[in-house]
Number of protein chains: 4
Amino acid sequence: MPTPAAPAGRAGRPRSAAADAAILAATRAALVELGWSKLTLGDVATRAGVAKTTLYRRWPGKNELVVDAVAELFDELRLPDRGTLAADIEGVVLQFAAILARPEARSGLMAVVAESTRDDALRERIRASIVDRQKRLVLEGRARAQARGELPPESDPVESSRAVDLIFDMVAGAVVHRCLISAGPVDETWVRGFTEVLISGLAGAGGRR
Amino acid sequence: MPTPAAPAGRAGRPRSAAADAAILAATRAALVELGWSKLTLGDVATRAGVAKTTLYRRWPGKNELVVDAVAELFDELRLPDRGTLAADIEGVVLQFAAILARPEARSGLMAVVAESTRDDALRERIRASIVDRQKRLVLEGRARAQARGELPPESDPVESSRAVDLIFDMVAGAVVHRCLISAGPVDETWVRGFTEVLISGLAGAGGRR
Amino acid sequence: MPTPAAPAGRAGRPRSAAADAAILAATRAALVELGWSKLTLGDVATRAGVAKTTLYRRWPGKNELVVDAVAELFDELRLPDRGTLAADIEGVVLQFAAILARPEARSGLMAVVAESTRDDALRERIRASIVDRQKRLVLEGRARAQARGELPPESDPVESSRAVDLIFDMVAGAVVHRCLISAGPVDETWVRGFTEVLISGLAGAGGRR
Amino acid sequence: MPTPAAPAGRAGRPRSAAADAAILAATRAALVELGWSKLTLGDVATRAGVAKTTLYRRWPGKNELVVDAVAELFDELRLPDRGTLAADIEGVVLQFAAILARPEARSGLMAVVAESTRDDALRERIRASIVDRQKRLVLEGRARAQARGELPPESDPVESSRAVDLIFDMVAGAVVHRCLISAGPVDETWVRGFTEVLISGLAGAGGRR
DNA sequence: CAGTAACCGAGACGGTACGTCTCGTCTTAGT
DNA sequence: ACTAAGACGAGACGTACCGTCTCGGTTACTG
């Protein structure tokens with residue numbers, strides 16, 4: 001993820017591999033303690049036992065560093081097999097909410113999204129590292145539901161991809177909004193209500209088509 | 001919205017009323033040009049033709065100022081009467097997306113949300129000035145749909161309030177995620193697909209209950 | 001000497017007068033301890049109990065600051081009245097050597113001269129603050145010698161000014177070279193030898209003219 | 001001049017002889033373009049087509065490197081035979097001034113002198129490489145003047161050596177001060193005036209003794 | 001209608017972080 | 001054992017904002 005070293009990759013001392021991991025871990029630790037706006041790259045470097053120059057050699061700035069540090073968190077998400085589509089969705093929503101309850105994700109994620117509204121390269125980095133990377137969960141869930149006969153198989157591939165995007169926006173959007181904006185609890189009651197509306201909506205809308 | 005003047009409001013020169021409006025307008029202008037992270041209070045003061053001291057006398061800091069400046073934007077939202085619940089929702093979603101397309105809203109909103117993850121007073125300010133204030137749209141929409149006979153009347157007031165919150169999270173969340181995170185277009189196709197799933201979901205979930 | 005405040009001299013908080021003196025004293029202290037090349041403006045600011053910004057608001061950089069700090073040292077020079085021109089010169093030469101023996105003068109003076117070879121504004125600052133300012137000693141000495149009848153009165157004012165410059169170059173140059181470059185002792189023997197050659201030269205050259 | 005290679009000079013690849021010359025030339029070129037304070041060893045290495053490591057293996061640091069680079073410049077000085085002592089002195093003074101007009105000498109020389117005030121090893125290096133090395137000019141000049149009968153032969157060898165030092169301080173000091181500190185022109189007028197005073201002084205002081 | 005208290009602009013203040021630069025060292029691979 | 005290349009920890013650079021403070025001056029209530 002960090003900017004690669006001198007392209008030819010030959011001469012000179014190679015970059016320390018350990019430094020990358022230490023920097024990302026230090027970034028998350030600093031996010032927990034200080035939040036995004038009080039996080040400074042000098043402090044991250046100190047925590048990582050690394051010079052500031054080393055950090056700037058690998059990432060262009062705070063935003064890109066935080067994207068990479070946060071992106072790793074979402075790779076922990078797994079789609080549990082609970083027997084039904086509804087239960088699977090409830091499971092993944094709870095996991096997602098649990099990650100968003102962690103301070104390093106809370107303040108980091110929204111902040112880089114805010115920055116990305118004025119920086120196209122950053123928006124792409126977020127899309128590639130976080131958004132598109134987690135759409136796998138929607139694909140897996142749908143495939144599993146189709147195998148169980150809960151959903152009909154795909155016909156139109158364009159329509160199919162559009163549906164994945166929509167579902168991802170609805171699920172991720174609702175959870176993010178609940179956790180971070182309206183700041184209500186993501187408990188069993190809320191998750192069950194949300195899943196019920198979503199499943200009904202998918203069945204209803206799909207059936208009408 | 002700004003911190004009120006000396007308590008009882010007695011002696012001394014009163015605060016300039018014009019300054020408040022000038023400061024909020026200057027804040028929005030600065031958000032458009034610079035985005036949240038490069039916005040400085042010194043610059044806002046200069047744009048507003050006001051001393052930095054004046055600004056700090058009225059707002060505790062950048063975050064609170066931006067919340068107030070952004071909150072005014074969402075008051076423009078209106079629920080159009082297009083004859084059906086689906087059409088009403090589509091209308092308000094498009095308006096919401098239009099506001100989120102404006103740079104002063106894009107970068108300001110997400111940034112203060114990010115900051116609010118570490119500042120409870122700020123979270124409350126956001127909830128009061130932006131979130132709760134716009135739930136009126138959901139209430140209006142439901143009332144109108146009930147008047148039309150598209151939705152059954154309320155029975156349980158607790159359940160009713162919970163449903164408003166859920167719907168608000170789902171609508172606002174999906175639009176925010178689409179606009180700012182996955183960064184896809186909010187066009188007719190997407191809005192129709194979203195509304196279809198939502199309406200079916202509400203009907204299905206409501207009917208099953 | 002420092003850059004003056006906002007010209008109009010009216011609005012705003014006035015500059016602290018104490019800060020100037022504290023900064024120049026701190027600069028000399030740092031020169032003593034660290035020498036010119038290891039002197040940092042951040043350290044000077046700390047010693048003076050002042051913020052770095054305050055320092056940069058008043059001086060453009062290290063060179064100008066050191067010139068001002070060092071210039072004050074040479075204002076201590078006095079032309080003693082020892083009865084004869086030769087004795088007066090010996091007195092002032094010994095004083096000059098004593099100043100050049102102090103570490104704040106030694107490393108500061110040569111360093112700014114070195115820098116001035118590439119910076120015309122700095123060269124002018126040195127000339128105005130140090131060189132021209134101390135030519136008073138030559139003028140005083142000559143006037144006193146003329147009063148005593150040791151030297152004839154001036155006739156041509158152009159020639160007179162040229163002679164002052166030459167004598168200053170010869171005296172200051174010899175002492176500086178002895179102290180700082182060839183690094184020999186400036187003791188009674190050396191001073192007497194130097195003065196003897198100089199006085200004879202002045203008499204001889206003057207007489208021939 | 002550079003630090004010698006592995007003591008006895010046995011095993012392994014021998015040091016490139018060309019590198020030394022290239023480094024000193026690159027140092028002078030960098031002095032011309034950048035001056036002492038902006039000269040960096042990394043830049044010198046690049047100009048010389050040499051790795052930074054190579055440079056540090058041969059010189060302890062910037063100061064020593066610059067001393068060696070500048071010292072070579074003064075070896076160009078020659079004592080011309082113009083028939084009289086006065087004319088010889090004028091000739092060598094003009095040559096000296098011409099060297100001090102070159103930017104690599106101007107900024108390099110004073111800077112290392114400044115550094116030498118806090119570094120005894122450096123002062124010795126300067127004295128050995130530059131000062132003592134050029135005293136040959138004074139010795140040659142005196143010998144030639146004695147051969148012509150312009151000066152009496154030496155009697156006391158201690159006194160003789162002391163006189164050489166004094167004359168060197170007076171000549172070099174005056175020229176350096178004129179060129180670099182008071183920053184006036186070293187033209188025919190100045191040189192003639194200076195030489196006149198000096199010669200008279202030597203004659204007068206010598207005669208009186 | 002005089003006093004005075006709170007406001008206003010301007011700008012200097014002590015801090016802190018920025019992102020860049022150079023230092024002198026170290027670690028590669030290649031000669 | 002040397003070389004070029006380049007990453008490394010360290011730390012100063014000069015700039016930009018922060019939020020506070022100190023000024024002289026301006027209102028508009030209150031006594």
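Within every chain, numbering begins at 1; the chains are lettered A, B, ... in the order of the sequence lines, protein sequences first and strands thereafter.
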Would you find a donor on one side and an acceptor on the other, under 3.5 Å apart, between the side chain of [X] and the backbone of [Y]?
{"X": "C:Arg125", "Y": "C:Asp68", "answer": "no"}
{"X": "B:Arg118", "Y": "A:Val32", "answer": "yes"}
{"X": "A:Thr3", "Y": "A:Arg58", "answer": "yes"}
{"X": "D:Thr117", "Y": "D:Val113", "answer": "no"}

Nearest whole angstrom, please: distance from the [atom2] of [N] to the [atom1] of [X].
{"X": "B:Trp59", "N": "F:dG19", "atom1": "CH2", "atom2": "C1'", "result": "17 Å"}
{"X": "B:Arg15", "N": "E:dC8", "atom1": "CZ", "atom2": "P", "result": "7 Å"}
{"X": "A:Trp36", "N": "E:dC18", "atom1": "CH2", "atom2": "P", "result": "11 Å"}
{"X": "D:Leu65", "N": "E:dG24", "atom1": "CG", "atom2": "C1'", "result": "14 Å"}
{"X": "B:Glu64", "N": "F:dC18", "atom1": "CD", "atom2": "P", "result": "14 Å"}
{"X": "A:Arg58", "N": "F:dG9", "atom1": "CZ", "atom2": "C1'", "result": "13 Å"}

Worksheet item: Looking at D:Ala114 and C:Ala111, what are the two nearest heavy atoms and their distance?
Response: CB-N, 3.4 Å
Worksheet item: Which distance, rounded to the nearest 0.5 Å, do you find between the CG of D:Leu41 and the NZ of D:Lys62?
Response: 7.0 Å
Pairs: protein N or O with nucleotides 23-27 of chain F N or O, under 3.5 Å:
residue: F:dT26; atom: O2; partner: B:Arg13; partner atom: NH1; Å: 3.0

Worksheet entry | Phosphate OP1/OP2 of E:dC8 contacted by B:Ser16 side-chain N/O (<4.0 Å) | no
Discussion item. It should be established whether B:Thr54 places a side-chain nitrogen or oxygen under 4.0 Å from OP1 or OP2 of nucleotide E:dG9.
Written reply: yes
Fill in: Ion pair check, A:Arg15 and A:Asp20, cut-off under 4.0 Å
no
Practice prompt. Kindly state each residue pair satisfying salt bridge (charged side-chain N to carboxylate O under 4.0 Å, His left out) with at least one member in residues 27-44 of chain D, sequence neighbours excluded.
Written response: D:Arg28-D:Glu72, D:Glu33-D:Arg47, D:Asp43-D:Arg47
Item to complete: Would you check, one step at a time, whether the test side chain to side chain contact (heavy atoms under 4.5 Å, CB included) holds for A:Trp59 with A:Ile23?
Response: CA-CA 10 Å; A:Trp59 282 276; A:Ile23 291 169; 3.7 Å; yes
Discussion item. Protein within reach of the bases, or only the backbone? For nucleotides 11-17 of chain F, mark each nucleotide 5' to 3' as B, S or -, using heavy atoms under 4.0 Å.
Written reply: -BSBBBB
